[in-house]
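Lettering follows sequence order; numbering is per chain, from 1. What you see is a predicted model; the values in this text were computed from it and never measured. The figures that follow rest on heavy atoms only: side chains count, while hydrogens, waters and symmetry mates do not.
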There are 4 protein chains.
Amino acid sequence: MSNETKQCILNSALKVFSENNYHAASMAMIAKEAGVSKGTLYWHFDSKEELFREIVLSGLDYFNQKFINIAEEEISSEEKIYKIINFGVTTLIENSQMGDILRNNVQLVSEDFQKRIEIKHRESVEIFKQIIEQGIKEKSIKKLNPRKTAVMMLTALFTSNSEWLIDQTPDSKQQVEFIYSFLMDGISRKEN
Amino acid sequence: MSNETKQCILNSALKVFSENNYHAASMAMIAKEAGVSKGTLYWHFDSKEELFREIVLSGLDYFNQKFINIAEEEISSEEKIYKIINFGVTTLIENSQMGDILRNNVQLVSEDFQKRIEIKHRESVEIFKQIIEQGIKEKSIKKLNPRKTAVMMLTALFTSNSEWLIDQTPDSKQQVEFIYSFLMDGISRKEN
Amino acid sequence: MSNETKQCILNSALKVFSENNYHAASMAMIAKEAGVSKGTLYWHFDSKEELFREIVLSGLDYFNQKFINIAEEEISSEEKIYKIINFGVTTLIENSQMGDILRNNVQLVSEDFQKRIEIKHRESVEIFKQIIEQGIKEKSIKKLNPRKTAVMMLTALFTSNSEWLIDQTPDSKQQVEFIYSFLMDGISRKEN
Amino acid sequence: MSNETKQCILNSALKVFSENNYHAASMAMIAKEAGVSKGTLYWHFDSKEELFREIVLSGLDYFNQKFINIAEEEISSEEKIYKIINFGVTTLIENSQMGDILRNNVQLVSEDFQKRIEIKHRESVEIFKQIIEQGIKEKSIKKLNPRKTAVMMLTALFTSNSEWLIDQTPDSKQQVEFIYSFLMDGISRKEN
DNA sequence: CATGAATGAGAATTCATTCAT
DNA sequence: TATGAATGAATTCTCATTCAT
């Protein structure tokens with residue numbers, strides 16, 4: 001069945017792209033990893049860029065969909081932020097390859113494609129912004145520039161699984177608490 | 001004169017690498033940008049990687065040296081953090097190419113080189129960690145894991161000039177205030 | 001069909017290497033001679049050196065195998081020597097390119113490869129040495145150092161088709177007689 | 001003084017060419033070995049080929065001159081042959097670099113140059129041929145084709161110092177005896 | 001005389017892509 | 001659908017040669 005092969009190629013490409021970056025990864029590597037010939041890659045995907053596109057955009061869509069779901073729940077903005085961090089950290093730990101790809105490959109492709117990625121990013125930022133604005137309205141969040149705040153939040157999230165932040169084995173609960181606390185309260189000690 | 005040419009090549013390479021990423025940038029592009037022949041590149045640098053190395057390591061050294069200078073001043077940890085953010089934001093705005101290179105090219109080269117970059121990174125983190133620990137002793141900073149906190153601080157700094165965070169023309173003062181406030185106090189509004 | 005192409009490349013490489021020496025011969029020349037693209041060369045062979053290796057080692061193997069066959073026949077050492085010279089001279093005349101390659105290219109490649117060639121050479125020398133020793137036992141050959149004698153024999157053989165030794169059109173029978181006589185009896189006239 | 005530099009370059013080139021073959025040897029290597037700049041090489045020699053030419057032709061001239069001197073002595077052909085072998089073996093052992101160059105580099109250069117080398121070779125062969133003819137007249141040498149015999153003699157001589165023929169430390173006296181005996185009497189045992 | 005710097009043609013090799021089977 | 005073979009443009013790097021100082 002064609003679809004099995006296609007999925008197998010996508011999985012292999014995910015692995016190869018996460019380990020090698022867009023230009024260093026070759027179609028030959030992906031074909032070998034998938035156990036198919038290079039010709040087969042081109043039967044399923046028009047080009048290397050299209051294959052990469054499929055992976056990145058579907059990954060970003062996956063995140064955005066979850067962000068939207070959480071944003072639409074009838075809960076406080078603080079709860080939403082906690083849930084988003086929890087989802088983000090857990091997903092990136094389980095699925096570290098996607099994080100690697102998003103962190104390292106984004107501006108390595110055609111401008112056309114970059115624009116589509118940027119749009120997805122803006123969608124994420126927009127969702128976060130709305131949550132921030134909800135928090136400001138609820139008086140649980142400070143009146144900082146909501147867009148900038150949203151960007152910092154997104155950055156903190158995607159940094160959460162970088163090798164720099166992890167001591168040894170990633171403990172997702174601890175990680176979530178750390179990011180949430182860092183994001184909400186900052187690092188200064190306010191005594192009263 | 002040799003040194004002028006070398007510096008000209010470094011500048012051109014800085015530009016080309018920042019716009020194109022390590023693999024997409026070619027020696028031909030750098031040569032053309034510098035107005036010299038490809039052979040001249042190889043007279044001054046042994047290889048493409050060495051040219052890249054020179055740029056990245058000297059950039060990281062520049063940052064680290066400033067971080068050390070600030071860390072050694074006889075001032076409170078809060079002042080140090082403010083100064084570091086101020087320096088970082090200003091430098092990255094003035095010199096946005098370096099930020100692009102550091103953000104996008106780091107894991108594209110030989111393992112040997114990656115290790116040297118990692119060492120420089122660890123040096124930065126170590127400096128920040130000591131400032132955090134000073135703050136904890138001075139009771140102006142919360143008892144969070146100092147290393148993780150240092151990593152988040154470094155990340156916030158290097159994100160500060162990403163295209164996502166900037167509206168239009170970058171206003172460094174505003175940017176510094178935002179990052180400092182975000183880092184110190186987080187986003188939640190604590191009223192009492 | 002793949003195998004035809006591969007053989008065609010080998011033939012073309014044989015020609016180009018024999019006319020040009022390892023460093024002067026370029027992959028572009030071989031590709032042009034074979035009527036394929038440079039990329040095709042690399043589909044069939046990993047590198048220039050591997051292509052050269054294939055030619056040289058298979059050539060040496062061909063000689064060694066024949067030498068072994070002759071050495072194992074149940075005939076006198078003198079007959080063996082005659083047969084070897086006959087085979088060598090004939091083959092080198094028919095296949096003069098191989099002789100050119102073996103004479104001129106041997107020490108132009110990686111040390112690793114040189115060692116493999118040396119081993120083949122030693123095999124030839126060893127076979128000849130045993131024939132010499134057989135002749136000494138049979139009292140038809142003088143008690144000279146058998147290894148040195150074997151080397152001289154090999155040299156005489158491979159020189160046999162050098163341009164220096166041939167007047168015009170090579171007449172193999174005459175050539176064989178000359179080499180055999182030279183080898184067995186030397187040049188001095190012993191009258192008694 | 002210019003001449004010292006020129007001689008120093010020639011010595012360095014001799015070394016580099018003997019270790020590396022014409023195409024693998026680079027002007028940079030020769031310059032480094034001589035401790036001068038590449039520019040200096042081009043002040044003293046017009047091109048790489050001219051530098052090589054100087055070495056090879058002067059080497060061949062040196063041999064030819066000695067061969068002529070020996071040929072002109074008023075001694076028997078057998079004595080001449082012994083003296084030539086003695087001179088050749090000794091010189092090649094003492095000066096193994098020249099042998100390496102002559103053995104390995106000859107057909108790697110321009111046709112024009114090859115012709116000049118060929119002429120020198122023919123001169124050697126001619127000298128040897130005359131000695132052989134003298135021997136035939138003196139009835140001490142068999143009536144073999146004198147030219148071919150001369151070529152084999154030359155070959156035996158230049159093979160004498162190849163790594164294949166030498167056990168460990170070259171012992172010139174033994175070597176001379178072996179070559180002379182091989183050349184004069186061949187390997188077969190003639191009992192009478 | 002000597003040099004360091006610069007040049008550019010050409011080398012080996014890689015790789016996305018195509019296509020007959 | 002799938003493959004192996006073929007392509008050719010692009011890439012890094014080398015090296016003989018030139019030349020102002």
Item to complete: Whole angstrom is fine here: how far is it from CG in Asn3(D) over to C1' in dC1(E)?
Response: 13 Å
Practice prompt. Show your reasoning for whether side-chain contact (heavy atoms from CB on, under 4.5 Å) applies to Leu92(A) and Phe63(A).
Written response: CA-CA 10 Å; Leu92(A) 286 169; Phe63(A) 276 99; 3.8 Å; yes
Discussion item. Counting the atoms with a prime plus P, OP1 and OP2 as sugar-phosphate, which does Thr40(D) contact under 4.0 Å by heavy atoms, base, sugar-phosphate, or nothing?
Written reply: base
Discussion item. Using whole Å, what does the distance between atom P of nucleotide dT18(F) and atom CD of Glu50(D) come to?
Written reply: 12 Å
Practice prompt. Using a cut-off of strictly less than 4.0 Å, decide whether His23(B) has a side-chain nitrogen or oxygen near OP1 or OP2 of dT12(F).
Written response: no
Fill in: Cationic N near anionic O, under 4.0 Å, Arg53(C) to Asp112(C)
yes
Fill in: Interatomic distance where NE2 belongs to His44(C) and P belongs to dA5(F) [whole Å]
7 Å
Item to complete: Classify the nucleic acid contact of Ser26(B) as base, sugar-phosphate or nothing, counting any heavy atom under 4.0 Å across all strands shown.
Response: sugar-phosphate
Discussion item. Any side-chain N or O of Thr5(C) below 4.0 angstrom from OP1/OP2 of dA6(F)?
Written reply: yes
Worksheet item: Looking at Arg122(A), Lys115(A), Gln114(A), which hits side-chain hydrogen bond (donor to acceptor under 3.5 Å, both in side chains) with Glu118(A)?
Response: Arg122(A)
Discussion item. Under 4.0 Å, heavy atoms only, any strand: does Ala25(B) hit a base, just the sugar-phosphate, or nothing?
Written reply: sugar-phosphate
Worksheet entry | Pair assignment for dG10(E), Watson-Crick or G-U wobble, requiring both distances under 3.5 Å | dC13(F)
Worksheet, complete the sentence: Per atom distances to the Trp43(C) side chain, the nearest of dA2(F), dT12(F), dG4(F) is dG4(F)
Discussion item. Using only modelled atom types and a 3.5 angstrom limit, is any donor from either the side chain of Lys38(D) or the base of dT17(F) paired with an acceptor on the other?
Written reply: yes
Worksheet entry | First of Met27(D) and Ser37(C) reached from the 5' end of DNA chain F, by closest nucleotide | Ser37(C)
Response to the item:
Separation of dT14(F) atom C1' from Leu41(B) atom CG, nearest Å, is 14 Å
Worksheet item: DNA chain E: Ala28(C) or Gly39(B), which has the more 5' nearest nucleotide?
Response: Gly39(B)
Worksheet item: What integer distance in Å separates Lys48(A):NZ from dT17(E):C1'?
Response: 12 Å
Practice prompt. Classify the angle between the aromatic ring planes of Phe52(D) and Phe113(D) as parallel (below 30°), tilted (30 to 60°) or perpendicular (above 60°).
Written response: perpendicular
Worksheet item: If each of Val36(B) and Ser47(C) is mapped to the nucleotide of DNA chain E with the nearest heavy atom, which maps nearer the 5' terminus, i.e. the 5' end?
Response: Val36(B)
Practice prompt. Figure out the NZ/P separation between Lys32(B) and dT7(E), and round it to whole Å.
Written response: 15 Å
Worksheet item: Whole Å only: how far is the CG atom of Leu51(C) from the C1' atom of dA11(E)?
Response: 15 Å
Worksheet item: For Tyr42(D) and dT18(F), is the shortest distance between a side-chain N/O and OP1 or OP2 below 4.0 Å?
Response: no
Worksheet, complete the sentence: In Watson-Crick or G-U wobble terms, with both distances under 3.5 Å, the base opposite dA20(F) is dT3(E)
Worksheet item: For the pair made of CZ in Phe45(D) and C1' in dT18(F), what is the distance, rounded to whole Å?
Response: 18 Å
Worksheet entry | Quiz item: cation-pi between Lys48(D) and Phe17(D), 6.0 Å / 45° | no
Fill in: Residue pair Glu19(C), Glu33(C): steps toward the side-chain contact (heavy atoms from CB on, under 4.5 Å) verdict
CA-CA 12 Å; Glu19(C) 286 167 354; Glu33(C) 177 74 31; 5.9 Å; no
